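Input: a single structure, listed below in C-alpha cells.
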Amino acid sequence: MSSLLIHNIGMLATPEGLEARRGADQGSIRVLENAWIYTENGEIISYGTGNPPITFGEKLDAGGRLVTPGLVDAHTHLIFGGWRQNELAMKIRNVPYLDILAAGGGILSTVKATHAASEEALTEKASAALDEMLAFGTTTCEAKSGYGLCKKEELKQLKVIKKLNKEHPMDVAATFMGAHALPPEFKADRDGYLKLLCEEMIPAVSKQKLAKFCDVFCETGVFTAEESRRILECGKENGLIPKIHADEIDPIGGSQLAGEIGAISAEHLIVCPDAGIESMAKGGTIACLLPATSFYLNSTYAPARKMIEAGVPVALASDFNPGSCPCLNLQLVMNIACLKYRLTPEEVLTGVTLNAAAAIGMAEQVGSIDRAKQADLVIWDAPDLNYLCYRLGSNLAHTVIKKGVIYHGKNH
Ligand code: NIG
Ligand code: FE
C-alpha cells in the first residue's frame, strides 16, 4: 500500500460533491485553514484541520500553501500536426477567423499537417503538451479529434488519445469531432459528408470504443443547427454523448439545440442568446466557456454571469488548439474568467475543477477534494485562492499530485 499525507496546508479550497454546481452553489466552496489530506493508493481517504491523526507513510509538507483539486481541462484539441503562427499577421490585420477557414486555411491547414504526421509523431507531440499541462496544474483533460475529416485519419487521432490515456499520467477523455469542418472534397456534396459521418465514421468510433463524446462545430459556413442535430442524434444512437461548439461567432441555434437534445455540455457560447441559456438550463447542459479563446480572437466574452443566474453550471476550459487558442495554461484561463466574465475566484475554481469534471462525465472520480475521489491535487505557490486568481503570467503550480503520485514540483 502506498500512502501520502499532505500536511501544513495553509488553505484547502475545493468545491464539494459528485455533480456540477449551479447558481449560487457554484461560488459556495469549502475552505479550510491549517489543513491536511491523507491519501492511500491514489485515493483521498480523509482530510481535516489541526494536527493530522496519521503518523505513518510518506509525508509532504505543503509549507503553508494553498491546495486545490487538480485542475480539469474539459475542452482541448490536443492532437494536431504543425502550428499556425503564419495566421498571427492575418489576425493583426483583422482578417476574420471564418474568412481564413473559407480560404482553405485555419482548421483545413491543420488537417493537412495532421494527415502528414505519423501516429508516433502525433503521440510524442501531444505527450509533451500533456507534460506541460501537468506542470501547470492540470491533472485531467478532454481531447478531441477533428483534424482528420476522413475515417482513417479521425481514427488515427482517436487512437493517439487512447494511447496517451493509457501511458501518460493524465486522464484523457476522448471526443470524436469528425464534424469540425467540411472537407474541401465535399464542398459540393454536404450530404455526402454527413452520410460518411453517420454511416461510417460514428459507427466505427463506437464499435472500437475510441470515444465517449461526439462534438460538432455548429457555425456559419461550417455545420448548420439542423445538420448538427442529425450528427449528434446519430452519435447518441451509437452511444456517444453529445457536446457542441455553439455560438462561438454567430448565434445560429447551437445552444438551443444543446438543451433540446440533452447535450452534456455546450462550448464557447460567446454570443449565446437568452433563448439558448433557457434551453440549456432546461436540458441540464453545462456551459463550457473558453475565455482565452475570446482573448485570442479579440472577440467579446460569453455571458457567464447570466448563465450562473439562470442556473446553468459554468465550466471553464482552455480550448487548446493551433488556431484560436494555442494556450494550455488553465491558470491564465482563471485570470481571464475573473477579469472578463467578472466571476469570483470561488466560482472560477468550481469552473476549472468540479464543473469541468462534470462536463466530461468524470465528476464522480475527480474535480473535488472528497473522500474516495482520486488523489489529484495541486500545491500552489500561493497563500490563498485570491492570490492564485490575482497573479498573472507566472506558473504558480508548486507540486502536482496525480492519483497520489508526485509528478512535478519546482522544489523537488
Ligand atoms: O474551438 N471552433 C472550432 N474549433 C476550435 C478551433 C480549431 C482551429 O482553429 O484549429 C475552437 O476554437
Ligand atoms: Fe474547440
Side-chain angles (χ1 to χ4, degrees), residues 73-88 90-91 95-115 117 122 125-126 129 141-149 153-154 157 161 173-183 213-223 228 231 242-252 254-255 258 263 265-272 286-302 315-328 330 333 356 359-360:
D73 195 340
H75 181 140
T76 83
H77 302 256
L78 179 71
I79 317 296
F80 55 85
W83 291 93
R84 305 223 296 271
Q85 64 270 41
N86 58 317
E87 287 176 14
L88 179 61
M90 291 188 249
K91 284 200 173 88
V95 180
Y97 179 79
L98 291 178
D99 288 5
I100 300 175
L101 177 63
I107 294 173
L108 295 175
S109 72
T110 298
V111 168
K112 278 195 194 127
T114 307
H115 282 203
L122 289 175
K125 181 176 177 185
C141 74
E142 181 257 18
K144 301 172 199 296
S145 67
Y147 294 118
L149 308 186
E153 291 292 328
E154 284 291 316
Q157 278 197 269
I161 296 171
T175 299
F176 168 67
M177 199 177 179
H180 196 193
L182 188 72
F213 305 102
C214 182
D215 199 341
V216 177
F217 191 9
C218 179
E219 189 57 68
T220 303
V222 192
F223 294 99
S228 303
I231 298 159
K243 279 180 173 283
I244 183 167
H245 279 59
D247 306 334
E248 179 178 357
I249 296 155
D250 293 324
I252 62 163
S255 46
S265 66
E267 331 276 311
H268 286 289
L269 303 167
I270 293 174
V271 291
C272 184
I286 295 169
C288 185
L289 306 184
L290 314 166
T293 307
S294 281
F295 174 74
Y296 209 82
L297 293 178
N298 201 21
S299 63
T300 54
Y301 287 81
L316 300 162
S318 71
D319 194 21
F320 174 58
N321 74 75
S324 63
C325 196
C327 164
L328 38 67
L330 274 180
V333 169
I360 54 171

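Numbering of ligands and ligand atoms starts at 1, following listing order. On a predicted model such as this, the values are computed, not experimentally measured, just so you know.
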Distance check, rounded to the nearest 0.5 Å: I107 atom CD1 versus L149 atom CG? 8.0 Å

Whether N321 side chain and D319 backbone form a donor-acceptor pair below 3.5 Å: yes

May I ask you to check whether Y97 and Y296 place their ring centres under 6.0 Å from each other? no

N, O or S atoms of the protein lying under 2.8 Å from the Fe ion (ligand 2): H75 NE2, H77 NE2, H245 NE2, D319 OD1

Anything under 3.5 Å between an N or O on ligand 1 and a protein N or O? List each pair with its distance, or write none.
{"residue": "ligand 1", "atom": "1 (O)", "partner": "H77", "partner atom": "NE2", "Å": "3.2"}
{"residue": "ligand 1", "atom": "1 (O)", "partner": "H245", "partner atom": "NE2", "Å": "3.1"}
{"residue": "ligand 1", "atom": "1 (O)", "partner": "H268", "partner atom": "NE2", "Å": "2.8"}
{"residue": "ligand 1", "atom": "1 (O)", "partner": "D319", "partner atom": "OD1", "Å": "2.9"}
{"residue": "ligand 1", "atom": "1 (O)", "partner": "D319", "partner atom": "OD2", "Å": "3.1"}
{"residue": "ligand 1", "atom": "2 (N)", "partner": "E248", "partner atom": "OE1", "Å": "2.7"}
{"residue": "ligand 1", "atom": "4 (N)", "partner": "H180", "partner atom": "NE2", "Å": "2.8"}
{"residue": "ligand 1", "atom": "9 (O)", "partner": "R84", "partner atom": "NH2", "Å": "2.8"}
{"residue": "ligand 1", "atom": "9 (O)", "partner": "Y97", "partner atom": "OH", "Å": "2.5"}
{"residue": "ligand 1", "atom": "10 (O)", "partner": "R84", "partner atom": "NH1", "Å": "2.9"}
{"residue": "ligand 1", "atom": "10 (O)", "partner": "R84", "partner atom": "NH2", "Å": "3.4"}
{"residue": "ligand 1", "atom": "10 (O)", "partner": "Y147", "partner atom": "OH", "Å": "2.6"}
{"residue": "ligand 1", "atom": "12 (O)", "partner": "E248", "partner atom": "OE2", "Å": "3.4"}
{"residue": "ligand 1", "atom": "12 (O)", "partner": "H268", "partner atom": "NE2", "Å": "3.4"}
{"residue": "ligand 1", "atom": "12 (O)", "partner": "D319", "partner atom": "OD2", "Å": "2.9"}
{"residue": "ligand 1", "atom": "12 (O)", "partner": "S324", "partner atom": "OG", "Å": "2.5"}

Please test I252 against T220 for side chain to side chain contact (heavy atoms under 4.5 Å, CB included), starting from the C-alpha separation and ending with a verdict. CA-CA 7 Å; I252 62 163; T220 303; 3.7 Å; yes

Pair H75, E142: side-chain N/O donor-acceptor within cut-off below 3.5 Å: no

Looking at NE2 of H180 and OG1 of T175, how far apart are the two atoms once the value is rounded to the nearest 0.5 Å? 11.5 Å

Run the numbers on E219 and H245 for side chain to side chain contact (heavy atoms under 4.5 Å, CB included), then give the verdict. CA-CA 8 Å; E219 189 57 68; H245 279 59; over 6 Å; no

Step-by-step side chain to side chain contact (heavy atoms under 4.5 Å, CB included) determination, Q157 to T114: CA-CA 9 Å; Q157 278 197 269; T114 307; 4.2 Å; yes

Is there a side chain to side chain contact (heavy atoms under 4.5 Å, CB included) between H115 and K112? Walk through the geometry before answering. CA-CA 5 Å; H115 282 203; K112 278 195 194 127; 5.8 Å; no

